[in-house]
Amino acid sequence: MRIRTARPDDAPAVVAMRAIVHPYLVRGVESTRKMIAQPPPGEDWTAYVVEVDDTVVGWASAYRNAQTSEPDVGEISTLHVHPEHRGRGAGTALLTASLGHLRGIGARRVRTWALPESLPFARRHGFTPSRELRYSALDLRPAPPMPQPPSGVRLLPLTDLDPRRIHRAEVAAAVDEPEDVPADAISYESWYSEIWDNPGLDRAASTAAEIGDEIVSFSLVNRDGDRMWSDYTGTLPTHRGRGLARLVKTAALHRAAAGGVRVAYTSNDEANAPMLAVNVGLGYRPVGSSWSCLRELS
């Protein structure tokens, strides 16, 4: 077994392994390759893989949380090991390397995510479980029917919109999302790199609701073949309670299905009752969960 920094040509193996451990996560080969080769600015992002006999059997990424005003927050994302290679030190090696990187960039608080069965591992390494995240799936055969927007509301695909307008809407919508740390400092440069310039972003399916000259709600779709991930659905606080989140998400699902998507995945914090209700109403069913876990870093 050996651990090393990830390379862009690791992307196919990483995606294949992720499909086994996290089948509900949707990030294709090209999106993964770009993330490794051109990570978002300002994050000091890196990733590690574990190899056994030249086969990738583990992955983790570590970076600075550049989307929050809280100082010195580090993240370890999607640390996972192939089921056939667990219990042999691969997870510990990935965690050790990731924590070392975060210390090196000055992080003092760390957040990661753990599957329920991995919580004992997280606790042994000093992490405390914080928030539960629900993963859900929806079969798009058939898709929900295309909704009719109320008077004064226009539904537009992202192909017709300036990315700065979507960024402004996401900044406004994300401020009060249930989180361990607030997402209140999302720079345009980082957002553009990670969201808009993601090769997996399906701009034709992603949908925004416009009232007057303002984007008031949106639903972003990331796609890999016939699978999609609802990356984020949000509504401006001043326009909530009008059914706009369900409207844009339904329209995005309909457009994605028309483009060949067969199954949709999403995630929600268990405290986000409004979006959980939207997803249950659309027919999503739970398929998994994970926990955010926090640790102070000396």
Side-chain angles (χ1 to χ4, degrees), residues 3-51 55-68 73-82 90-91 93-95 97-102 104-105 107 110-114 133 135 158 163 166-167 170 174 181 183 185-203 205-206 220-225 227-232 265-267 290 292:
I3 184 171
R4 60 170 173 80
T5 303
R7 301 187 294 257
D9 59 5
D10 291 320
V14 170
V15 171
M17 181 182 61
R18 185 187 299 131
I20 294 171
V21 182
H22 299 289
Y24 36 77
L25 296 183
V26 180
R27 182 182 280 274
V29 170
E30 291 311 311
S31 294
T32 302
R33 193 191 312 276
K34 178 182 179 295
M35 179 64 75
I36 298 170
Q38 299 172 281
E43 293 188 356
D44 293 312
W45 188 97
T46 193
Y48 303 97
V49 296
V50 168
E51 285 183 321
T55 299
V56 171
V57 301
W59 159 276
S61 62
Y63 54 95
R64 181 190 314 280
N65 185 331
Q67 298 187 355
T68 183
V73 177
E75 308 270 350
I76 299 175
S77 181
T78 330
L79 190 159
H80 56 292
V81 176
H82 192 288
L94 288 165
L95 181 60
S98 298
L99 290 174
H101 174 73
L102 294 179
I105 63 174
V110 182
R111 178 173 62 171
T112 191
W113 287 261
L133 191 70
Y135 297 103
L158 262 60
I166 304 300
H167 171 253
E170 181 161 342
V181 292
I186 307 171
S187 73
Y188 178 72
E189 292 73 21
S190 177
W191 178 89
Y192 187 95
S193 173
E194 191 166 355
I195 304 299
W196 191 262
D197 204 30
N198 181 347
L201 179 65
D202 188 338
R203 298 181 192 173
S206 300
L220 305 181
V221 172
N222 281 340
R223 178 174 177 177
D224 181 30
R227 303 162 66 241
M228 65 161 275
W229 175 262
S230 291
D231 188 55
Y232 185 44
Y265 296 96
T266 193
S267 66
S290 67
S292 67

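We count residues from 1, following the sequence as given.
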Which of parallel (below 30°), tilted (30 to 60°) and perpendicular (above 60°) describes Y188 and Y192?
tilted

Rounded to the nearest 0.5 Å, what separates atom CG in L201 from atom CG in L158?
6.5 Å

Working to the nearest 0.5 Å, report the span between OG of S193 and CD of E43.
8.0 Å

Taking all non-hydrogen atoms of both residues into account, name the closest pair between V29 and A11 and its distance.
O-CB, 3.6 Å

Measure from the side-chain N and O atoms of R227 to the backbone N and O of P23, and report whether any donor-acceptor pair falls under 3.5 Å.
yes

Spacing of OG1 belonging to T55 relative to CE belonging to M17, to within rounding of 0.5 Å
11.0 Å

With the side chain counted from C-beta on, respond yes when W196 and H167 share a heavy-atom pair under 4.5 Å apart, and no when they do not.
no

Are W45 and I36 close enough that some pair of their side-chain heavy atoms sits under 4.5 Å apart?
yes

Calculate, to the nearest 0.5 Å, the distance between atoms CG and CZ belonging to N198 and R223 respectively.
14.0 Å

What I'd like to find out is whether the side chain of T112 reaches to under 4.5 Å of the side chain of L95, using heavy atoms alone.
no

Is there side-chain contact between E170 and L220, with heavy atoms separated by less than 4.5 Å?
yes

Is any side-chain heavy atom of Q38 closer than 4.5 Å to one of D197?
no

If you compare all heavy atoms of I105 against all heavy atoms of Y63, which two are closest, and at what distance to 0.1 Å?
CD1-C, 4.2 Å

Nearest atoms (heavy-atom pairs only) where A97 meets I3
CB-CD1, 3.8 Å

Within the 4.5 Å heavy-atom criterion, are Q67 and W191 side-chain neighbours or not?
no

Measure across W113 and E75 and return the closest heavy-atom pair with its distance rounded to 0.1 Å.
CH2-OE1, 3.0 Å

Within the distance-only criterion (no hydrogens, no angle test), does the side chain of S206 pair as donor or acceptor with the backbone N or O of D202 below 3.5 angstrom?
yes

Would you check if L25 and W229 make a side-chain contact, meaning some heavy-atom pair closer than 4.5 Å?
yes

Please name the pair of heavy atoms, one in L94 and one in V81, separated by the smallest distance, quoted to 0.1 Å.
CD1-CG2, 4.1 Å

For the backbone of I76 and the side chain of S98, can you confirm whether one donor and one acceptor N or O come within less than 3.5 Å of each other?
no

If I compare all heavy atoms of A37 with all of P8, which pair ends up nearest, and what's the gap?
CB-CG, 3.8 Å

Please work out which of the three classes, parallel, tilted or perpendicular, describes the rings of Y48 and H101, given edges at 30° and 60°.
perpendicular

Pairwise side-chain contact, W59 with V49, heavy-atom cut-off 4.5 Å (strictly under)
yes

Residue from R27, K34, R33 passing salt bridge (charged side-chain N to carboxylate O under 4.0 Å, His left out) with E30:
R33

